Each structure stands twice: as structure tokens, then as C-alpha cells.
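So the structure is just underneath, and the comments pick up after that.
Throughout, protein chains are lettered first and strands after them, A, B, ... in sequence-line order, and every chain is numbered starting at 1. All figures in this text were calculated on a predicted structure; none of them were measured in a lab.
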Amino acid sequence: MNSFNLKIMTPEKVFFEGETEQVIVKTTTGDIGICANHVPYVANIVPSPLKVKKDGEFRVAAITTGLVSVNANEVTIVTPAVEWDDEIDVVRAQKAKELAELKIKQHESDKEFKRAEQKLMRAMNRLVVAKRR
Amino acid sequence: MATANMKDVKRRIKSVESTMQITKAMQLVASSKLRRAKDRAVAAQPFFQTLYNTMCDISADYSFTSVFTKKKFLNSTLLVVIAGDRGLAGGFNHNVLKMAQEEADRILETGGTCHIMAIGRKAVEFFEKRNYDLTDRYPGIAETITTDDMMDIAEIIVERFRSRDFDKVELIYTTFVSAMTQEPMKLQILPVENLDKAKKTQAVTIYDPSPEEVFDGMIPEYIGGMLYSAILDSYASEQASRRTAMESATDNAGEMIDKLSLLYNRARQAQITQEITEISSASIGRD
């Protein structure tokens, strides 16, 4: 199977770099799967499971937000936070989820509500990815 | 009289010595923290560079407009001021806070409004004491900053910019020039300016769903990345500044000890000489 070079970067480190056969991630317009020789493409990522296929097997990570860009058989993903399914801090995600739910219930202001909603999405995504393992 | 003086000098030497131990320890801690902070600042570079390049590409590829690049004339500014959490770092906190205050005064004098977001305990304390509109406080986050913290702050800024609480965001922090020099600087982060419009990629790129939306969607990450590097930069500067300050304090303590030891030895010698004179004159008297 044809492969391409995938690079995933966070502000802290280069999270992943290497030859990959396929990468699946959710963008603002829906799930997208990228294989080798994809046309140049740029989109924003939303909290979702990120699947990276290597040697015929998928590895799953929880990604928050960010950007995916394809250029000349090179795929670059930049994101503030991403963790492999076995690295996720389930306790912390659970706590973040409960706090966000509380904030949503209180509904102090529209801004607070919106931010809590985003936090809830991130926490839920982490829990879903961790559970699927 | 000589004995009393000797005791005093001895006590002073002891106290200077213990101060020197503290400054020496602080110097060592600061230099190891500086090394770590520099590594983190370097690691954050590729993340930010990729975002910046993509934004440049978008603005070069299309004649697009975005709320984040438009200049508006509300004349309302948010100053994001980054200072340290602790003192004893030479002129580090003073320099950056002075610059921030001058900038705030300048904005107010020209009839604009100025909100302040203070990052670092010293910045919070500084603006709380004075009569400025301090809207957000983030004390004590620099040392252990996570990407979650940074995105939180970035989202608040973007949200408020969108709802027109202000139409300009400026960042004031200290940049690490070298281990010896750290300079306070001012950087405009919103509206986004100075994007390099030279085309980097040849191929026509698909932006999903549209260049404008991708650009706007990247803004929180872009600001987060900028804040993150600024906070790390400022933290590295703080450590470098503290290291220099503590190094000269240690040197000064060393000099003081040398001077005091000289004084002590002189007093001791004078006492011995006096004792000998007393003994010999007593024995002469008996002969």
C-alpha cells in the first residue's frame, strides 16, 4: 500500500512522525480519510478520535482541535493537545466532564456556556477514545 | 574595646556567609530552570511556524477578508501583560511593568479605553494597586503552563474580540535576547498583521469548507501558540535575569567577606600586640 509522511505537532513536542498508510480525523465538515497522493488540502479539526494506519493496523489517539494540511504527499497536523488511547488520563477527563456539565447547568452567561460546551466535547472525546481501547 | 569589635565583625561575616549561600543556591536553581525553559521554548517553535505559514498561504492565495485582519476604530485595546511570579530577578519585573504602564497611559491619553489581562503574580499585584481596568488575572501559571491553560486564555481573548469588547490586542512581555540581555517588548497579536504574502506553495489548495473559515478557525490556536511562546520566553528571561542578579549578589558577598576578614584579622593582631606589650611592660616593671 502506498504511504505518505505524517507529522503531528504540539507546542510541547513532535508527537508523531513517520510513514503512514492512512489517517482519519474529523474536521468541521465531517470525517475525512487521507491516503497517499491526496490533493493539497487544509481544514480545521474538531475534537474526535484520530486514527493513524500503519502496517495495516490503526492506532487511535484523542485529538482536541487544530489543523490538518496536506501538501505534496506530506500531511501535517498541528494541535494544542493529542494523546494516544493508552496515554489518556481517564480520571482527569472524568473530572473535566463533570465540571463542564455543572457549568452548563448553571448557565451563568452565554460565553461561559459556550466554553463549557467546548470543554465537555473535549472531555467526552477523551473518554470515548479511552474506553474503546 | 578590641574584643567587642572582633565579636561584631565575626557575627557580620557569619551573616554575610549565610546570605551568600542563599544567593548561590538561587543562582544555581535559576540556571537549571533557565536551561529547561529554553528547551521548551525551542520545542514550541515548529508548531507556531506551521500555523503561521498556513495563514500566510491563505492570505496570499485568495483575496479574502476576515474579522481578525480588519482594522476597526473603536480605539479599545486589550493589553496582555506577562511578568514574573517572584521578585529578586534584577530589573526584570520593573522593566516590563514600566513599559506596560506607559503603553496603557498612552492609550488612555489618546482617548481610548484600555483593558488589562495580567499574567504572572507580579503583574497582577502591580495593576491591582493602581487604577487600571484589570479584567483577567492569571497568577502563577508560567512555570507549569500546559496547552490547556494556553487554549483557555486564547479562547477568552478570541471570544471577546469577536463580541467587540476590544478591537486590538497587544502583548507586552520580556524577550530572551541572550543570557545577559533580556528586553521588554510590545507585539500586536490582533488584528493579525504582517502576514507574509509571498506565495510558498505552487499547487492549488482545497480549503475545507472555505479559506475564510479555515483562517478564522485557526485563530485560537494561533493566539494560543503566540501566548505560549511569549510566556515561555518571558519565563526564560526571568530565570536568566535572576541568575545574573544572584551571581552579582554572590560576588558582592564574597568581596564583603574578604573585607570583613581583613578587618577581623587586623583587630586580632592589634589585640595580640597589645597583650604582648602589656606582658612585656609588666615583666620590665618587675625587673
Notebook entry, point to check: Which atoms of B:Met218 come close to chain A, meaning under 4.5 Å heavy atom to heavy atom: side chain ones, backbone ones, both, or neither?
Noted result: both
Check: So what's closer than 4.5 Å to chain A heavy atoms on B:Gln45: side chain, backbone, both or neither?
Finding: neither
Check: Are any of the side-chain nitrogens in A:Lys105 or A:Glu101 under 4.0 Å away from the carboxylate oxygens of its partner?
Finding: no
Margin query: Counting heavy-atom pairs closer than 4.5 Å to chain B, which one of A:Thr76, A:Thr65, A:Thr28 comes out on top?
Written below: A:Thr65
Checklist line | Side chain / backbone / both / neither for B:Ser210 at chain A, heavy atoms under 4.5 Å | finding: neither
Next item on the list: Answer with side chain, backbone, both or neither: which region of A:Lys7 has an atom nearer than 4.5 Å to a non-hydrogen atom of chain B?
Entry: neither
Note to self: Please classify the contact of B:Asp39 with chain A as side chain, backbone, both or neither, using a heavy-atom distance under 4.5 Å.
What the structure shows: neither
Check: Can B:Thr77 and B:Glu170 be counted as having a side-chain donor-acceptor contact under 3.5 angstrom?
Finding: no
Notebook entry, point to check: Considering the options B:Arg137, B:Lys122, B:Arg121, which one meets the salt bridge (Lys or Arg N to Asp or Glu O under 4.0 Å) requirement together with B:Glu128?
Noted result: B:Arg137
Next item on the list: Sort A:Val78 into side chain, backbone, both or neither according to what part of it lies under 4.5 angstrom from a heavy atom of chain B.
Entry: both
Notebook entry, point to check: Measuring heavy-atom distances to chain B, does A:Thr64 have an atom under 4.5 Å in its side chain, in its backbone, in both, or in neither?
Noted result: neither
Note to self: Quick one: does any side-chain atom of B:Gln188 pair with a main-chain N or O of B:Pro191 as donor and acceptor, under 3.5 Å?
What the structure shows: yes
Notebook entry, point to check: Which one, B:Leu51, B:Ile156, B:Leu232, B:Thr146, leads in non-hydrogen pairs under 4.5 Å with chain A?
Noted result: B:Ile156
Item checked: Test: A:Asp89 and A:Arg126 ion pair at under 4.0 Å -> no
Checklist line | Passing option when B:Phe68 is tested against B:Phe161, B:Tyr222, B:Phe215 for ring pair (Phe, Tyr, Trp, His ring centres under 6.0 Å) | finding: B:Phe161
Note to self: Looking at A:Glu21 and A:Asp55, would you say the former's side chain and the latter's main chain have a donor-acceptor pair under 3.5 Å?
What the structure shows: yes
